[in-house]
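Only one structure is covered here, and it is reproduced in the block below.
Just so we're on the same page: letters track the sequence lines, and every chain starts at 1.
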Amino acid sequence: MYEEVLRNAFADALNKMGIQNDIDIIFETPKNPEHGDLSTNIAMKLAGTLKKVPREIASELIKNLSLDKNLNEKIDIAGAGFINIKFSKSFYSEILKKLYEFDKNIGKSDLGKGIKVNVEYVSVNPTGLLHLGHGRNACIGDTIANLYEWLGYDVTREYYFNNAGNQMNVLAKSIYARYRQQLDEPDFPFPDDGYHGDYVKEIASDLIKENNNKFIEDNKNNLETLRKFGEVWCFGKIKKTLERMSINQDVYYNEDSLYSEGKIKEVIDEFRNKGLAYEKDGALWLALTKMGLNDDRVIVKSTGEPTYRLPDIAYHREKFRRGFDVLIDIFGADHIATVPDVLAGVKALGFEPGKVKVYIHQFVTLTENGEQIKMSKRTGKNYTLDDLLDEVGADVVRFFLLMRGISTHLEFDLGLAREQSDKNPVFYLQYAHARISSVFDNAETKGIKLEYDIDFSILVHKTEIDLIKKLMNFQQTIETACNRGEPQILADYLRDVASAFHVFYHECRILDVEEKLMQARLALAEVTKNVMKNGLTILGIAAPNRM
RNA sequence: GCGCCAGUAGCUCAGUUGGAUAGAGCAUCAGCCUUCUAAGCUGAGGGUCACAGGUUCGAAUCCUGUCUGGCGUACCA
């Protein structure tokens, strides 16, 4: 938050020196604390264009710099030309005072006021149960939606519900085979391309419980009924699993409506009118090569059915038409190929593809004792997200799925999550919150109340200053995590805050010290608690008062 | 073949708009509880940043090539 002030001061100084340059003035926290609190390499960046030695530029810059002496203890030049800034203690008490005033709203802002964001995630077809990969998608999407919401954007959480397409027929046939196997013919052949998962057997037995042999005849109507039964069964389970992870979406956008409301046809017509669609081999092709891509693709098969690209494009067009300013798609790595096609299609229809942000996450592998556990819907032996939630709980699952960058493959070690769950990093974060709560409980029994007017300048201990340094970055961290679509940035940050608090707690007593100091430390603990609570909430993880 | 993601400590991973001595957790070893929760704190060991070149004051980060793993590359979704 103070960076803005510094940046302006540096820009002014550059102006005074008669240097006009668009170059970004970037401050970073040096790895080595001896180098100060913030550091900039601006002098080195300018060295090339100005044809001057970096250290000379730096010293001239400092001469022209007007900063509040009260808040900045020292500004000096180091190394090849770094400018290092060291803040005074009173700088930190000023900062903490502001953080304390935010109270429970710390981290919130109105940065995105009036901007409509649509975050689409999960969007699993109702043909099976959720597995860990879906869980990753769900947690990332939910957290990104939370981040936007926290920054004041108008967020819609959306699930693209696809109950059309060939995969639903496969499900119907799979259910039918299990139904017959359980009902009257144990050797009834199971389709090769069917869904082998055990849940299909459950669907069949539920079907028998409710309807007995009513659908035993192999005809189109019965298959249609089974298809619908399976869809409702699967989607019910999916929603329940999501609820267990506190994931609730606002809109379930049904792919069917794109057909029934004529949107698919509109898109086809528009492509044709623009000369971007053509017939070949009985199919309709989209001329993606005219839009700079490598290959044209079929959008309507010779059977008359559209391929997945067409409804995907039509769906994105609808999202634009519904008035969203930003469209966010959370996809697994297997969807990577569709992205350029959809973006090209959207652009051809006259919408701005730059407003679509696609976040692709890599896969999750579930391992136990070094061996991989299969999670595929088609291989039968499933380890579902529900199974995992049963074993380790929602907080652990969410944290495990969010603690890594989205673009790396994530290894979920079941043995570790199960056996060592008390050493899980998520408990480290929650423990910090619980510890603070406990301090306030003790304060209450002693009749101590946190006052509003507090003298923060009394906080000068190194661990106190270190903690404040972490706390002041909360807002910026939320923004960065949001802009980059990386929940992991927030997760890492919270671990840092928790660590700084644990160290402070270990070194400094909060209660049973002199009144003014106690008040200031309580306030520091309060700010930490609010940051932990809000940060964990954004990640969708509970902030317990006791552990 | 082509495209995307990845390769960093024993393991799992941060760090990549080029910056100062490459970090964390787990694991290993050694310490700290008569005082607000020890699910905590302190310290130690552990590295050819896959490999080979290049760009420059400076490269884990940028460029080229090679190797390894994952995912795509359908008139499946």
Are [X] and [Y] ion-paired here, with the side-chain N under 4.0 Å from a carboxylate O?
| X | Y | result |
| --- | --- | --- |
| A:Asp512 | A:Lys446 | yes |
| A:Arg272 | A:Glu279 | yes |
| A:Arg521 | A:Glu464 | yes |
| A:Asp441 | A:Arg546 | yes |

Cation-pi check for A:Tyr252 against A:Lys239: NZ or CZ below 6.0 Å from the six-membered ring centre and within 45 degrees of the axis, yes or no? yes

Return the polar atom pairs (N/O with N/O) between nucleotides 22-24 of chain B and the protein under 3.5 Å, or none.
residue : atom : partner  : partner atom : Å
B:A24   : O2'  : A:Arg495 : NH1          : 2.9

Using atom P of each nucleotide, how far apart are B:A27 and B:C11 to the nearest Å? 16 Å

Sticking with atom C1', work out how far B:C51 lies from B:A74, rounded to a whole angstrom. 36 Å

Applied to residues 480-489 of chain A, the side-chain hydrogen bond (donor to acceptor under 3.5 Å, both in side chains) test, sequence neighbours excluded, yields A:Gln476-A:Thr480, A:Gln488-A:Asp492

Presence of donor-acceptor pair under 3.5 Å, side chain of A:Asp496 and base of B:A14: no

Rounded to the nearest angstrom, tell me the gap between atom CZ in A:Arg509 and atom C1' in B:G40. 15 Å

May I ask whether A:Phe82 stacks on the base of B:A20, given the cut-offs of 5.5 Å between ring centres and 30° between planes? yes

Donor-acceptor pairs under 3.5 angstrom involving side-chain atoms of residues 335-343 of chain A: please list them, not counting sequence neighbours.
residue  : atom : partner  : partner atom : Å
A:Thr338 : OG1  : A:His335 : O            : 3.2
A:Asp341 : OD2  : A:Arg309 : NE           : 2.4

Just one of A:Leu327, A:Ile328, A:Asp329 clears the side chain to side chain contact (heavy atoms under 4.5 Å, CB included) bar with A:Glu120, so which one? A:Asp329

Quick one: the dot-bracket string of RNA chain B, using Watson-Crick and G-U wobble pairs with both distances under 3.5 Å, [ ] for crossing pairs and | for bases paired to another strand. (((((((..((((.....[...)))).(((((.......))))).....(((((..]....))))))))))))....

Let's see if you get this right: which residues in residues 478-491 of chain A place a heavy atom under 4.0 Å from RNA chain B? A:Arg484, A:Gln488

For B:C32, glycosidic torsion class - syn if within 90° of 0, otherwise anti: anti

Under-4.0 Å side-chain N/O to phosphate OP1/OP2 contact, A:Tyr428 with B:C41: yes

Give the B/S/- string for nucleotides 70-75 of chain B, one per nucleotide from 5' to 3', where a protein heavy atom under 4.0 Å of the base yields B, of only the sugar-phosphate yields S, and otherwise -. BSSSSB

